[in-house]
Every structure is written in C-alpha cells, then in structure tokens.
Amino acid sequence: MRLTQLRSFHAVATNGNFTAAAKSLHVSQPTVTTQVAQLETLYNVELFHRVGRRAVPTEMGERLLALSRQIFGLEGEAVQLLRESGQLRSGHLRVAAVGPSHVTRMLVSFHQQYPGIKVSVSTGNSQEVLERLADYRADVGVLAQLAHDERFVSWPYSEHGVAIICSAQHRFAQRRSITLAELEGERLILREPGSTTRTALERALQTAGVSPQVVMEIASREIIREAVLQNVGLAAVSEVEFVPGPGLRSVRIHGAHVRTYAHVVCLAERQESALVRAFVDCAHKTRPPAQGQ
C-alpha cells in the first residue's frame with residue numbers, strides 16, 4: 001500500500017465523493033478514482049458503496065477510516081511540531097558547560113527570548129564538553145578553552161583572571177595579592193587533568209620556574225572548596241567562579257598573566273541550526289565587559 005493511495009481513500013471518505021476529494025488533494029478526479037481502485041484490488045476489499053455521486057464507506061471502509069484519521073492526524077501534529085521548532089516556539093536545547101558561572105547569564109537571556117524551548121544543562125571539564133558535542137549529546141557548549149579542531153567553531157564570550165583560594169588560617173589570608181614565586185613549596189590542590197584553570201596555572205608556574213607541592217587532585221569544585229577550608233592546601237579558581245564564604249579567602253595573583261576564558265562552541269556542521277544560532281545570539285548580547293587582572 002502506498003501512502004498516496006491511503007490519502008486518496010481518506011479524502012474520499014471524509015469528503016463524501018470523489019470530485020470533492022480530488023479538489024481537496026489538488027489532483028484530478030481520475031487520479032483519485034484510480035488510487036482507490038488500486039487499493040481495493042490490491043487487498044481484494046470493497047471500501048465504498050457508490051450511491052449516485054456519493055461514496056459511502058463500507059464496514060471495512062469505516063474501520064480503515066478510523067486508522068487513517070489517526071495516521072493523518074499524527075502527520076499533522078508532526079508538521080506542526082516541525083513548524084514550531086523552526087520558529088523556536090518549541091524544542092529542546094542541550095547545553096554542556098564547564099561550570100554554572102560561565103553559562104548562567106546566557107541561559108537566562110535565552111529563556112526570556114524563547115520560553116517555549118526546553119533547556120537541559122550538563123557540566124564537566126572542557127574535554128568532556130567537547131566529547132558531548134562530538135557525540136551529539138549536546139547541541140552547544142560553553143567551555144574555557146579554544147577547540148583547535150576543525151570539527152568545531154567557537155565564539156569568544158568572556159575572560160577572567162585566576163585567583164588562589166586559601167583558608168582563613170593560612171598566611172595568605174590577610175593578603176590582597178601574592179606573586180607566583182610565593183607559591184614555591186606551598187601545598188596545592190589541583191583540578192583533574194583537562195581543567196583549563198589547572199592548565200593556566202601550571203603553564204604560569206612552569207614559566208616562572210616555581211614548584212609547589214601538589215598534595216591532591218580533585219575533580220569536584222565542592223570537594224576542593226571543603227579541602228581548602230580545612231587548610232589542606234591552596235587551590236586555583238577562576239575569579240568568576242569564586243563564591244565567598246566563612247573561613248575562605250581569595251587572593252589575586254600579581255605580576256603574572258594567568259587567565260581563563262569562556263567560549264561558546266558547537267560542531268561546525270551544526271552552526272546554522274536555528275537553536276544553536278539563537279543561543280549564540282543570546283550569548284553575544286550578554287557578553288560581560290573584559291576584566292582587568
């Protein structure tokens with residue numbers, strides 16, 4: 001059975017005759033008559049009683065009409081869904097981000113402009129964000145490094161300094177800033193490999209010839225924060241991600257260019273997607289001013 005044959009049957013059954021059915025389908029009456037006849041011949045059934053110019057569905061025709069109503073009703077819903085999605089009145093945008101601080105303003109702007117779009121957010125380090133994009137588990141990413149990979153395109157969003165956090169008991173707690181040289185021999189808690197905050201600090205330390213004592217590697221920001229509060233060691237954090245709290249201090253790094261960045265990223269093949277373009281446009285509108293060191 002061809003869908004065109006079922007469509008002709010449905011048009012005749014709902015319009016009551018072959019002439020009106022042909023007009024509704026914008027085809028000739030012989031075409032509709034032929035397609036219905038082919039359907040009856042193919043399955044050896046009678047679908048209509050011809051009463052003058054009227055076509056009255058048989059019992060089998062009524063049963064088939066019940067199914068065709070469902071089929072073409074779902075077809076109409078599918079068309080409506082696609083139209084609304086193209087106009088960004090509905091749909092689902094999946095965002096992967098390195099952290100909430102980098103993406104929150106974009107999400108708020110996007111939701112205000114496109115309230116009908118469902119948004120889900122996953123977090124991870126930059127490498128994990130790129131993997132989600134490459135595997136089509138995310139539509140757009142917000143990460144802290146440029147992706148030097150021709151599969152991706154990116155747009156700059158923001159730039160932030162890296163600070164050192166310490167407990168209130170640490171000797172740096174009363175300082176507003178320190179130099180990299182003062183980290184020599186200090187106990188240091190690092191993020192997991194792949195973290196751009198870690199990479200930025202390690203590059204700066206290597207350039208300065210400074211060797212702190214790495215005591216832990218922890219993937220969780222929350223656990224790092226607790227470890228610092230317990231004075232286990234110091235940790236590096238992007239200034240935009242630092243959340244002040246009792247017993248915790250943030251100290252800026254003076255005399256060194258230690259920065260993290262935020263970029264909006266997507267697969268190159270998906271950069272013209274309506275959802276992706278809408279998110280990128282919202283990100284451009286919410287770009288914060290560049291921060292000084």
Please list all pairs passing the salt bridge (charged side-chain N to carboxylate O under 4.0 Å, His left out) test where one or both residues lie in [range], with sequence neighbours left out.
range            : value
residues 20-42   : E40-R50
residues 117-127 : none
residues 57-76   : R7-E75

Determine the minimum heavy-atom distance between [X] and [Y], stating which atoms define it.
X    : Y    : result
H10  : S68  : ND1-OG, 2.7 Å
C282 : Q113 : SG-OE1, 3.7 Å
S120 : H92  : OG-NE2, 2.9 Å
L133 : G141 : CD2-N, 3.7 Å

Under the side chain to side chain contact (heavy atoms under 4.5 Å, CB included) rule, collect the residues that match up with [X], sequence neighbours excluded.
X    : answer
S211 : E184
R249 : C166, A168, A173
T34  : Q38
A219 : E192

- Task: Any chance you could pull the hydrophobic cluster mates of V56, using side-chain heavy atoms under 4.5 angstrom and chaining through other members?
- Result: V51
- Query: Parallel, tilted or perpendicular: which fits the ring planes of F48 and F18, with parallel below 30° and perpendicular above 60°?
  - Reply: perpendicular
- Query: What orientation do H284 and W155 show, parallel under 30°, tilted 30 to 60°, or perpendicular over 60°?
  - Reply: perpendicular
- Residues at least two apart in sequence or cross-chain that pass side-chain hydrogen bond (donor to acceptor under 3.5 Å, both in side chains) with T123, listed by chain then number, are none
- Query: Residues in side-chain hydrogen bond (donor to acceptor under 3.5 Å, both in side chains) with N44, at least two apart?
  - Reply: none
- Going by an N to O cut-off under 4.0 Å, is there a salt bridge joining E128 and R137? no
- Keeping the roles fixed (side chain from N17, backbone from A20), state whether a donor-acceptor pair exists under 3.5 Å. yes
- Has the side chain of Y157 got a donor or acceptor atom that lies under 3.5 Å from a matching backbone atom of V103? no
- Query: Does any donor atom in the side chain of H263 or S154 lie under 3.5 Å from an acceptor atom in the other side chain?
  - Reply: no
- Message: Once ring-ring contact (aromatic ring centres under 6.0 Å, His included) is applied, what residue pairs with a partner in residues 162-188 remain, sequence neighbours excluded?
- Response: H170-F172
Please output the side-chain donor-acceptor pairs of residues 224-231 that fall under 3.5 Å, not counting sequence neighbours, one pair per line with the distance.
unit_1	atom_1	unit_2	atom_2	d
R225	NH1	V243	O	2.6
R225	NH2	V243	O	2.9
N231	OD1	S167	OG	3.0

